[in-house]
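Reading through the C-alpha cells given below for one structure.
Only a predicted model underlies this, so the values are computations on that prediction, with no experimental measurement involved.
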Amino acid sequence: MSSNAVSKTITLPRTGDRMPAIAYGTWTVWLSKPGEIYSGVKAALDAGYRHIDTAWVYDTEDEIGQAIADKIEEGAIKREDLFITTKIWDNYHSRERVKLNVERSLARLQTTYVDMVLVHWPTSFKDGDDNFPKDENGKIIYSTHDIVEDIWRGMEDCVDAGLTRNIGLSNFNSQQIQRIVDAARIPPTNLQIEINPNFTNDKLVEFAQSKNIVVSSYAPLGAPGRPWRDSTDPCAIEDPVIINIAKSKGKSPAQVIIRWHLQRGLAVCVKSVNPERIRSNIDVFDFELSEEEMASIKGLNRNFRLYLQDICIEHPEYPFNAPF
C-alpha cells in the first residue's frame with residue numbers, strides 16, 4: 001500500500017503500548033436494553049476488536065466485564081490481548097475519589113487493571129455517589145476541583161498504584177490541555193474528542209498531536225441515530241460526497257468515514273449493537289483514500305458540534321467557550 005496505509009495499532013507515548021486504532025464504543029444511553037452491550041462486546045471480540053472503550057457514567061461496565069470474562073473462560077481471548085479504556089466521571093474529581101472511581105470501574109469490569117483511564121470532562125460535580133447531583137431547582141450542583149492538583153494528580157496516583165498504564169483526557173480544550181502538560185509528572189498520552197466530517201476539529205487535533213498526544217475520535221460518523229437530530233442538520237453518512245466515494249470503493253459510507261479518520265492518524269471509537277455493522281466497521285484495512293478523496297471529505301466541515309454538554313455550560317471549566 002502507499003503512504004496512505006494505516007496501522008491497526010497506534011503506539012502510545014511513554015509506555016510504548018500498542019493501542020488498537022479502532023475501539024468498540026459502548027455508550028448507548030438512548031437505546032441500551034439489558035444484555036445488549038454484553039452481546040455487542042462478545043460480537044465485537046468475535047469480529048476481531050481488541051480495544052473496548054467505556055466510562056463509569058455509561059453504566060455499561062458490568063456487562064462489558066461479564067462479556068470479557070465469558071470470552072476468556074471460553075479460551076477465545078486472554079486479558080493481555082485486550083486494551084480497555086474507561087473514564088472517570090465528574091463527581092469523582094477530588095484526588096482521592098479519582099482513584100476510588102477507577103477501583104469501582106475495575107470491580108465492574110472484573111479486571112485488576114485497565115490499559116487507559118481518561119478524564120471524561122474537565123467540569124466537576126459535587127462529590128458523592130449521585131452522578132448528576134441536582135439542587136431543588138433541578139440544576140446540576142457543581143464543584144471546583146482543580147484540573148491539575150486534584151484531578152490530574154489523582155490520575156497519576158492511579159498509574160503509581162498499578163490500576164492503569166496510560167492516562168489521558170477527553171473533551172478538554174487546548175488551554176486546559178496545556179495546563180495539564182505544563183504541570184504533569186506523567187503526561188497525558190491520549191485525547192478523546194468529537195470529530196467527524198462535519199466537525200473536523202482540526203486545530204485541536206493539531207495542537208494535541210504537537211504535544212505528543214494521540215487523538216481519538218468519538219461520534220466519528222456524526223451520530224446519525226441521535227434522538228436530538230434535526231432534519232436540517234448536516235449528516236456526513238448521507239452526504240453525496242461520501243456516498244460517491246463509497247460506491248467507487250465498493251464500501252459503505254461508514255467504512256469510508258472510518259478510513260478517513262484512520263488516515264488522519266486518529267484512533268476511532270465506533271459504536272453499534274448490530275453484529276453485521278460491528279463486523280463492517282472494522283473491515284477498513286483493505287482499501288485507501290486518495291489525497292483528493294481525503295480533501296473532499298475534509299471539505300464537508302461545518303464546525304457543527306453535536307455534543308455541547310449543556311448541563312455544564314455555566315461551569316468555570318466548561319471547555320467549549322475557548323476557540324479550540
Side-chain angles (χ1 to χ4, degrees), residues 23 25-38 40-41 52-67 84-111 114 116-147 150-155 157-158 163-164 167-172 176 191-194 216 218-219 223 226-228 269 271 273 306-320:
T26 59
W27 182 49
T28 57
V29 166
W30 59 80
L31 56 80
S32 184
K33 300 167 187 169
E36 202 164 44
I37 288 298
Y38 172 84
V41 169
I52 307 297
D53 180 88
T54 186
W56 174 261
V57 79
Y58 296 172
D59 205 24
T60 54
E61 290 172 322
D62 283 327
E63 289 190 23
I64 293 166
Q66 193 57 54
I84 303 174
T85 297
T86 193
K87 309 174 192 79
I88 65 159
W89 187 238
D90 299 19
N91 59 324
Y92 286 91
H93 278 185
S94 72
R95 182 167 179 171
E96 298 76 19
R97 285 178 60 80
V98 169
K99 187 178 177 186
L100 174 64
N101 196 167
V102 176
E103 290 170 340
R104 288 178 170 178
S105 286
L106 295 180
R108 286 176 165 186
L109 291 164
Q110 301 184 42
T111 184
V114 285
M116 186 156 66
V117 178
L118 306 178
V119 184
H120 207 149
W121 290 88
T123 48
S124 300
F125 296 168
K126 177 186 175 184
D127 290 356
D129 289 336
D130 187 349
N131 290 338
F132 298 94
K134 295 184 177 71
D135 63 19
E136 62 275 9
N137 298 314
K139 291 189 70 173
I140 292 286
I141 303 172
Y142 296 149
S143 185
T144 52
H145 291 298
D146 186 88
I147 64 171
D150 294 320
I151 304 173
W152 197 251
R153 296 299 177 229
M155 296 286 280
D157 292 342
C158 292
L163 306 180
T164 185
I167 49 179
L169 307 167
S170 178
N171 299 302
F172 277 55
Q176 293 164 331
L191 173 69
Q192 189 177 124
I193 50 176
E194 180 183 337
S216 299
Y218 73 78
R226 66 189 182 281
W228 64 92
C269 297
K271 182 177 70 64
V273 292
L306 297 168
Y307 293 92
L308 293 171
Q309 196 72 344
D310 293 347
I311 58 173
C312 297
I313 282 178
E314 297 177 8
H315 195 283
E317 293 286 6
Y318 181 70
F320 303 144

Say whether, by atom type as modelled, one donor and one acceptor occur between the side chain of [X] and the main chain of [Y] under 3.5 angstrom.
{"X": "D130", "Y": "F132", "answer": "yes"}
{"X": "W89", "Y": "A55", "answer": "no"}
{"X": "E63", "Y": "I37", "answer": "yes"}
{"X": "S170", "Y": "Q192", "answer": "yes"}
{"X": "Q176", "Y": "E317", "answer": "yes"}
{"X": "R108", "Y": "W56", "answer": "yes"}
{"X": "H145", "Y": "R95", "answer": "no"}

Restricting to non-hydrogen atoms, name the atom on [X] and the atom on [Y] that form the minimum distance, rounded to 0.1 Å.
{"X": "N91", "Y": "G128", "answer": "ND2-O, 2.7 Å"}
{"X": "D135", "Y": "N137", "answer": "OD1-N, 2.8 Å"}
{"X": "L118", "Y": "L169", "answer": "CD2-N, 3.7 Å"}

Between [Y] and [X], does any NZ, NE, NH1 or NH2 come within less than 4.0 Å of an OD or OE carboxylate oxygen?
{"X": "D150", "Y": "R97", "result": "no"}
{"X": "K126", "Y": "D90", "result": "no"}
{"X": "R104", "Y": "D129", "result": "yes"}

Roughly how far apart are [X] [atom1] and [Y] [atom2], rounded to 0.5 Å?
{"X": "K99", "Y": "L163", "atom1": "NZ", "atom2": "CG", "result": "6.0 Å"}
{"X": "T86", "Y": "D53", "atom1": "OG1", "atom2": "CG", "result": "8.0 Å"}
{"X": "D157", "Y": "T164", "atom1": "CG", "atom2": "OG1", "result": "12.5 Å"}
{"X": "Q309", "Y": "Y307", "atom1": "CD", "atom2": "OH", "result": "10.5 Å"}
{"X": "H93", "Y": "I147", "atom1": "NE2", "atom2": "CD1", "result": "10.0 Å"}
{"X": "D127", "Y": "Y92", "atom1": "CG", "atom2": "OH", "result": "10.0 Å"}

Do D146 and W152 pair up side chain to side chain, a donor and an acceptor below 3.5 Å, judged on atom types alone?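 There is no such pair between these side chains.
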Is there a donor-acceptor contact under 3.5 Å linking the side chains of Y218 and N171?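 Checked: Y218/N171 side chains pair up, N/O donor to acceptor below 3.5 Å.
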Non-hydrogen side-chain atoms of [X] and [Y] separated by less than 4.5 Å:
{"X": "W27", "Y": "T60", "answer": "no"}
{"X": "F172", "Y": "P122", "answer": "yes"}
{"X": "L306", "Y": "R226", "answer": "yes"}
{"X": "I84", "Y": "L109", "answer": "yes"}
{"X": "M155", "Y": "V117", "answer": "yes"}

Would K139 and E314 satisfy side chain to side chain contact (heavy atoms under 4.5 Å, CB included), going step by step from the backbone distance to the final call? CA-CA 10 Å; K139 291 189 70 173; E314 297 177 8; 2.9 Å; yes
Take the angle between the ring planes of F125 and Y142 and call it parallel below 30°, perpendicular above 60°, tilted in between.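 Taking Y142 first and then F125, their aromatic rings lie parallel (interplane angle under 30°).
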Steps toward side chain to side chain contact (heavy atoms under 4.5 Å, CB included) verdict (I167, M116): CA-CA 5 Å; I167 49 179; M116 186 156 66; over 6 Å; no
With ring-ring contact (aromatic ring centres under 6.0 Å, His included) as the criterion, how do H120 and Y58 come out once you've worked through the C-alpha distance, each side chain's angles and the decisive distance to 0.1 Å? CA-CA 11 Å; H120 207 149; Y58 296 172; 5.6 Å; yes
For V98 and C158, run side chain to side chain contact (heavy atoms under 4.5 Å, CB included): C-alpha distance rounded to whole Å, both residues' side-chain angles, the deciding distance at 0.1 Å, then the answer. CA-CA 8 Å; V98 169; C158 292; 4.1 Å; yes
Audit row: E61, S105, side chain to side chain donor-acceptor pair (under 3.5 Å) steps and yes/no: CA-CA 7 Å; E61 290 172 322; S105 286; 2.8 Å; yes
For F320, ring pair (Phe, Tyr, Trp, His ring centres under 6.0 Å) partners two or more places apart: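 F320 satisfies ring pair (Phe, Tyr, Trp, His ring centres under 6.0 Å) with W121, Y318 only.
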